[in-house]
Structures are given as C-alpha cells and as structure tokens.
Amino acid sequence: MIPLVRSFHHSATSTWTHVVADAVNLRAAIIDPVLDFNSASGRLSTGSARSIIDYLGTTRLVVDWILETHAHADHLTAAAWLRRTLAAAGHTARTGIGARIVDVQATFKQLLDLEDTFVADGHQFDCLFNDGDTFRIGEMEVRVLTTPGHTPDGISYVIGDAVFIGDTLFAPRGGSARCDFPGADAATLYRSIQRLYALPDTTRVFLAHDYPPPGEEPLAQTSIGEQKSFNTHLSADTREDTYVALRTGRDATLSAPNLLWPALQVNIRGGELPPPTASGAIFLKLPVHLDEPGATMR
C-alpha cells in the first residue's frame with residue numbers, strides 16, 4: 001500500500017511535520033510535530049499544530065500515532081498537546097520514539113540538573129521502538145529502522161515506498177546532520193546512512209528539515225536514488241573515513257542551535273513542560289558557561 005503524505009513546513013525552525021495516512025481506511029500518523037515558541041518572551045502557542053488538526057478535520061483522518069524520529073534540539077514537540085487535543089475529539093493516538101531516548105534523557109537530566117521526580121526511563125512515551133519493530137497505521141505496516149549518529153535515539157520509519165528519516169540526511173544540496181551532540185558520532189551516522197542507502201532507489205525520502213539557499217523553496221521530499229547520486233556530504237561511493245573527516249571538521253565550526261536547551265527539556269518529556277513551581281510558574285533552564293577558565297561572576 002502506498003501511503004498518502006501531507007507535509008507541513010514550520011518556517012521559524014525550518015522543520016517539516018508529516019501526516020502519513022492509509023487513505024483507504026482513513027487512519028494516520030503525525031511525524032515530528034512542532035509547537036510555536038518565542039524564546040525571547042517565553043511564550044508558547046499552537047498555531048502550527050492547529051493547522052494539522054484542521055487538516056485532519058477536512059480529510060476525516062483518525063490519528064493512531066504521534067511519532068518522533070528523535071529528541072529534537074531545534075524545536076519543541078507538539079506531541080503532548082496534539083495527543084490531548086485529539087483525545088478530546090475521540091482519537092486514541094499513541095506516542096512513539098526510539099528506545100534509546102532513555103540515554104538522551106539520562107544525559108540531559110544530568111546536564112540540566114533536572115528535578116528528582118524526572119525519571120529517565122522513557123515512560124513519558126507510550127511506545128519505545130527498537131530496530132526491526134513493526135506496527136500499523138490502518139492497514140499499512142510500519143517498520144522501524146534505527147539510524148543513530150546525529151543523536152543516540154535516532155530512528156527512521158519505513159512505510160510502503162516511503163521512509164521518514166528525521167535529521168539523518170537533509171536534501172542532497174544540504175548534506176547530513178551534525179554529530180556533535182552528547183552521544184552523537186559521525187562514524188555511527190555514516191553507517192546509519194548506509195542502511196538507508198540499501199533501500200530501493202525509488203524510495204521516497206521525507207525530511208525533517210531543509211535549509212535552502214536564498215531564492216529556493218524548502219524541500220520536504222527527495223529519494224534514495226537522488227541522495228546516493230547527489231548528496232553533497234556522502235554519495236553512494238563515499239568512504240567512511242572521508243565522511244567522518246568532513247563531518248567532524250564541519251561540526252567544529254557550528255554554534256549550538258538557538259533552541260537547544262528549551263527544546264531538549266520539553267522533548268525528553270514527550271512534549272510536556274517542566275513541573276510548575278509553588279507559585280504556579282513554569283521555567284526552562286539555561287546553563288551558563290564562563291569563557292575564561294577559573295573565572296567567577298560572584
């Protein structure tokens with residue numbers, strides 16, 4: 001069965017959210033949904049997520065799953081809000097992510113000194129997927145392909161003639177994802193990409209991000225054949241050591257994503273916010289690092 005895919009672009013974070021559907025049985029999944037977050041004001045809103053709700057209403061699709069390809073560092077997931085909103089409308093959507101989210105949770109619990117009540121065991125999601133796991137969207141089978149490297153928990157979803165790859169690859173002109181986050185590794189990402197390149201060349205590849213040059217529209221979709229032939233970081237015949245040297249050198253020039261700390265605090269919770277203080281206020285932490293060794297501001 002060929003899945004029907006409708007992609008939604010979030011321009012503020014250059015993120016693609018995909019609604020993938022069994023159009024015959026009117027069942028669907030939402031992959032990598034986004035909240036609108038203004039980091040300067042701390043205000044959250046749901047306009048982008050509501051556009052997905054509106055689409056579901058016009059198509060009469062029933063959502064079975066809200067899926068993450070990994071814990072993103074560049075946007076806040078709308079998974080929890082969507083799950084509650086859909087439940088109020090009669091949907092029983094489950095959330096899912098790669099099983100190694102527990103590693104990401106443990107890392108960022110320590111880096112952010114999160115509250116003791118935050119338990120890094122993945123219970124914030126309904127389902128933790130391992131390599132080779134399968135499940136269904138209507139009558140469509142979904143196969144989980146672990147694709148770590150950008151993050152430890154990276155997975156891709158193979159559905160019919162399509163694969164949803166998260167940040168593993170960008171459009172061919174954009175290359176591949178960075179590998180300098182905690183637990184990331186360029187050689188591991190190379191091997192994950194080889195797993196994707198083993199899929200048929202005609203496989204539709206749905207991206208989580210695209211960063212086009214000025215004057216070009218962002219791409220939501222490419223193909224395995226196009227990636228193998230034209231990806232600027234690694235084509236089908238690029239050697240592992242060549243790629244690792246390129247990726248490592250490029251990563252050394254990159255600054256941290258603007259939403260790194262807010263995003264990870266929310267995304268490792270499945271889209272929930274940190275618990276409120278006694279006054280009812282909610283805060284997101286921001287680690288501070290002094291540039292001069294041994295310097296103090298006290």
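Residue numbers count from 1 along this sequence.
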Give me the atom names and distance for the closest heavy-atom approach of Ile137 to Ala29. CD1-CB, 3.5 Å
Got more than 12 heavy atoms from elsewhere within 6.0 Å of CD, Glu115? yes
Look up atom CD1 in Ile165 and atom NE2 in His209, then write down how far apart they are to the nearest 0.5 Å. 11.0 Å
Would you find a donor on one side and an acceptor on the other, under 3.5 Å apart, between the side chain of Glu141 and the backbone of Arg136? no
If only atom types and distance count, is the side chain of Ser48 paired as donor or acceptor with the main-chain N or O of Asp36 below 3.5 Å? no
Is the backbone N or O of Gly47 less than 3.5 Å from a side-chain atom of Ser45, with the two atoms forming a donor-acceptor pair by type? no
Arg6 charged N/C atom sitting above Phe8 aromatic ring, 6.0 Å / 45°: yes
Under 3.5 Å donor-acceptor, Thr248 side chain and Ala245 backbone: no
Checking Gln194 against Glu240: is there a side-chain donor and acceptor pair closer than 3.5 Å? no
Could you tell me whether the side chain of Thr107 and the main chain of Asp103 form a donor-acceptor pair under 3.5 Å? yes
Minimal heavy-atom distance between Ile101 and Phe125, with the atoms involved, is CG1-CE1, 3.9 Å
Tell me whether Arg247 forms a cation-pi arrangement with Tyr190, defined as NZ or CZ under 6.0 Å from the six-membered ring centre and within 45 degrees of its axis. no
List the residues meeting side chain to side chain donor-acceptor pair (under 3.5 Å) with Asp241, not counting sequence neighbours, and say none if there are none. Arg239
Is there a side-chain contact between Val244 and Asp185, using heavy atoms and a 4.5 Å cut-off? no
Heavy-atom closest pair (Ala78 atom, Ala49 atom, distance to 0.1 Å) is CB-CB, 3.9 Å
When you look at CD1 of Ile2, are more than 12 heavy atoms from neighbouring residues, nucleotides or ligands closer to it than 6.0 Å? no
May I ask you to decide if His72's main-chain N or O and Asn267's side chain share a donor-acceptor pair within less than 3.5 Å? yes
Could you label the plane-to-plane angle of the His9 and Trp16 rings as parallel, tilted or perpendicular, counting under 30° as parallel and over 60° as perpendicular? tilted
Just how far is it from atom CD1 of Ile66 to atom CD1 of Ile52, taken to the nearest 0.5 Å? 9.0 Å
Mind running side-chain contact (heavy atoms from CB on, under 4.5 Å) on Val5 and Phe206 for me, showing each step along the way? CA-CA 9 Å; Val5 182; Phe206 288 90; 3.5 Å; yes
Closest heavy-atom pair, Cys179 versus Leu189, reported as atoms and distance to 0.1 Å, is SG-CD2, 3.4 Å
Without swapping roles, check the side chain of Asp153 against the backbone of Ala99 for a donor-acceptor pair under 3.5 Å. no
Charged N to carboxylate O under 4.0 angstrom, Asp131 versus Arg195? yes
Asp167/Arg178 ion pair, N-O < 4.0 Å: no
How about Thr147 and Ser156: does a side-chain donor come under 3.5 Å of a side-chain acceptor? yes
side-chain contact (heavy atoms from CB on, under 4.5 Å) assessment of Val266 paired with Glu272: CA-CA 6 Å; Val266 172; Glu272 299 289 358; over 6 Å; no
Exam field: side chain Thr253 to backbone Asp251, donor-acceptor pair closer than 3.5 Å: no
Name the orientation class of the two ring planes belonging to His233 and Tyr243 (parallel below 30°, tilted from 30 to 60°, perpendicular beyond 60°). tilted
Could you report the tightest heavy-atom contact between Ala71 and Thr151, atom names first, then the distance? O-CG2, 4.5 Å
Is it true that a side-chain atom of Gln227 and a backbone atom of Asp201 form a donor plus acceptor pair closer than 3.5 Å? no
With ring centroids as reference points, do His70 and His150 lie under 6.0 angstrom apart? yes
Note: Arg27-Asp64 ion pair, threshold 4.0 Å (strictly below): yes
Compare all side-chain heavy atoms of Phe135 with those of Leu67 and state whether any distance is below 4.5 angstrom. yes
May I ask you to decide if Val63's main-chain N or O and His91's side chain share a donor-acceptor pair within less than 3.5 Å? yes
Give the intermediate values and the outcome of side-chain contact (heavy atoms from CB on, under 4.5 Å) for residues Gln105 and Phe118. CA-CA 9 Å; Gln105 289 176 325; Phe118 177 80; 4.0 Å; yes
Do we see a donor-acceptor contact under 3.5 Å between the side chains of Thr69 and Asp32? yes
Can you name the closest pair of heavy atoms from Ser14 and Tyr211 and give their distance? CB-CE2, 3.5 Å
Do Phe164 and Trp65 have ring centroids that are under 6.0 Å from one another? no
Counting only heavy atoms not in Asp161 (residues, nucleotides, ligands), do more than 12 fall under 6.0 Å from its CG? yes
Any heavy-atom pair between the side chains of Ile159 and Arg143 that's under 4.5 Å? no
Please step through side-chain contact (heavy atoms from CB on, under 4.5 Å) for the pair Leu169 and Leu234, ending with a clear verdict. CA-CA 10 Å; Leu169 289 167; Leu234 72 167; 4.0 Å; yes
Salt bridge check, Glu68 against Arg269: does any charged N sit closer than 4.0 Å to a carboxylate O? no
